[in-house]
Amino acid sequence: MTPNDSSGRLTSGRIRPRRLRRTPAIRSMVRETAVRANQLVMPHFLLHHARGEEAISSMPGISRLGHDDFLRQVADDMKLGIRAVLLFGLPAEEHKDENGSGATLAEDPVLRALSALRREYDDELVIFTDVCLCAYTDHGHCGLLESGTVANDPTLARLAEVAVAHARAGAHFVAPSDMMDGRVAAIRDALDRDGLSDVGILSYAVKYASSYYGPFREAADSAPGEGDRKGYQMDPGNVREALKEAALDEAEGADMLMVKPALAYLDVIRAVRHNTHLPLAAYNVSGEYSQVKAAAEKGWLDEAKVVHENLQSIRRAGADVIISYHAREALQRGWL
Ligand code: PBG
Ligand code: ZN
């Protein structure tokens with residue numbers, strides 16, 4: 001049956017894989033992987049002002065938006081077919097403190113955006129909110145500090161309060177990105193106690209201590225003042241640990257899991273895919289976006305084709321859902 005002998009030489013002309021690559025119509029018919037608009041999630045950085053658009057220099061094409069401008073952007077994105085958003089809040093400087101209190105104030109940009117989105121679109125849009133403290137703490141860490149280190153258990157109660165606030169305001173899924181142990185269980189219990197059992201949890205279950213988050217930290221002004229995140233985010237050398245984290249979060253009640261970053265961790269996406277029946281998301285992070293943009297600006301890469309190839313790779317590895325800053329342009333400009 002095999003067309004090749006043991007040295008790989010073609011021994012029979014009968015079987016020729018190239019027949020399936022002969023025309024664009026055949027290739028598209030037998031293509032195994034597709035990237036659909038409703039599998040993409042567009043991230044947003046929300047300013048605390050009503051109006052405003054601040055470009056992020058390391059992320060060309062992405063801006064921090066004031067409330068009204070954000071709503072206009074979502075309306076435009078809906079016309080392109082984007083059906084999901086992930087919200088990050090950028091509180092006023094005076095609302096940053098050691099406990100991240102700003103995340104549950106009525107004037108928080110995420111809480112305001114949630115009510116407005118639900119009023120405008122209700123369930124037509126899938127709304128995810130990032131649940132973390134780093135953009136809201138004056139020290140920039142993802143949890144509460146006790147004598148200089150991030151204290152796991154005291155952080156859980158605070159994260160649960162933030163998640164409940166988001167859920168009450170209308171989030172469909174809360175997405176904890178802090179990497180504290182036990183936070184999915186803590187959030188699930190708090191949501192259920194509050195009568196919010198319909199609100200889901202997308203857990204950033206497998207989140208590495210990656211240098212690809214650099215541009216995001218500029219965008220969200222969330223870099224830690226001192227130290228790094230290696231005491232809570234995962235070591236890039238590990239994959240067994242990814243399966244452990246994924247299994248724990250599933251057991252704690254996560255509805256969806258995430259691997260982050262995506263492109264440098266396609267093997268991890270594949271491994272997690274084979275070890276869970278939950279939907280799997282992958283976060284095509286800021287640095288992965290910025291390097292494509294930079295190379296495209298220099299004329300070194302064809303952006304349209306590279307973005308399609310990257311998104312397709314993430315799907316092929318096993319992700320169902322992709323969070324990507326490329327989502328809008330990919331749909332607007334027909335790259336998929
Ligand atoms: C906050 C958070 C980060 C990202 C998502 N949520 C940054 C970090 O952990 O330092 C990264 C997203 C990106 O780089 O696009 N915990
Ligand atoms: Zn954080």
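Reckoned from all heavy atoms, side chains included, excluding hydrogens, waters and symmetry mates.
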Spacing of [X] atom [atom1] and [Y] atom [atom2] [to the nearest 0.5 Å]:
X	Y	atom1	atom2	result
I269	L257	CD1	CG	12.5 Å
L133	M180	CG	CE	8.0 Å
D178	L159	CG	CG	4.5 Å
D194	D189	CG	CG	12.0 Å
I201	L278	CD1	CG	11.5 Å
L311	Q39	CG	CD	10.5 Å

Applying salt bridge (Lys or Arg N to Asp or Glu O under 4.0 Å) as the test, list every pair that has at least one member in [range]; sequence neighbours left out.
range	answer
residues 28-50	none
residues 86-114	K96-D221
residues 222-233	none

Donor-acceptor contact below 3.5 Å, side chain [X] vs main chain [Y]:
X	Y	value
N238	R240	no
R315	G318	no
Y213	Y208	yes
D69	G52	yes

Does [X] reach the side chain of [Y], with side-chain heavy atoms less than 4.5 Å apart?
X	Y	answer
I26	R19	no
E309	L301	no
F216	V285	no
C142	M179	no
R183	S203	yes
D76	K79	yes
Q73	M42	no
V174	L191	yes

Positive for side-chain contact (heavy atoms from CB on, under 4.5 Å) with V41, one of I322, V321, I82: V321

Given H44, which of V74, V110, D130 fulfils the side-chain contact (heavy atoms from CB on, under 4.5 Å) condition?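 Per the side-chain contact (heavy atoms from CB on, under 4.5 Å) rule, the option paired with H44 is V74, out of V74, V110, D130.
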
Please report the shortest heavy-atom distance between [X] and [Y], naming the atom on each side.
X	Y	value
S177	C132	OG-CB, 3.3 Å
P176	Y204	O-CD1, 3.0 Å
S290	S58	OG-O, 2.6 Å
A151	P154	O-CD, 3.6 Å
P91	G89	CD-O, 3.6 Å
L111	A169	CD2-CB, 3.9 Å

Check R72 with E53, please: is the shortest side-chain N to carboxylate O separation under 4.0 Å? no

Using a strict threshold of under 4.0 Å (side-chain N to carboxylate O), is an ion pair present between D267 and R270? no

Test side-chain contact (heavy atoms from CB on, under 4.5 Å) applied to L71 and H67, step by step: CA-CA 6 Å; L71 291 179; H67 184 79; 3.6 Å; yes

Count I, L, V, M, F, W, Y as connected when their side-chain heavy atoms are under 4.5 Å apart, and connections chain through other members. Are [X] and [Y] then in the same cluster?
X	Y	value
V306	M59	yes
L80	L65	no
I323	L87	no
L280	L263	yes
L243	M256	yes

Answer yes or no: does atom OH of Y212 have more than 12 heavy-atom neighbours from other residues, nucleotides or ligands under 6.0 Å?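 No, OH of Y212 has 12 or fewer neighbouring heavy atoms, counting only those of other groups under 6.0 Å.
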
Say whether [X] and [Y], considering side chains only, have a donor N or O and an acceptor N or O under 3.5 Å apart.
X	Y	result
T104	R158	yes
T33	Q312	no
H49	R64	no

Show your reasoning for whether side-chain contact (heavy atoms from CB on, under 4.5 Å) applies to L145 and T137. CA-CA 10 Å; L145 291 185; T137 49; over 6 Å; no

Using 30° and 60° as the class limits, which term best fits the ring planes of Y289 and H326: parallel, tilted or perpendicular?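 Rings of Y289 and H326: tilted, 30 to 60°.
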
What is the ring orientation for F45 with Y325, classed by angle as parallel under 30°, tilted 30 to 60°, or perpendicular over 60°? parallel

Centre of Y283's six-membered ring, under 6.0 Å away, within 45 degrees of the axis: is that where NZ or CZ of K207 sits? no

side-chain contact (heavy atoms from CB on, under 4.5 Å) between N284 and N310: does it pass, once the steps are laid out? CA-CA 9 Å; N284 180 209; N310 281 352; 5.6 Å; no

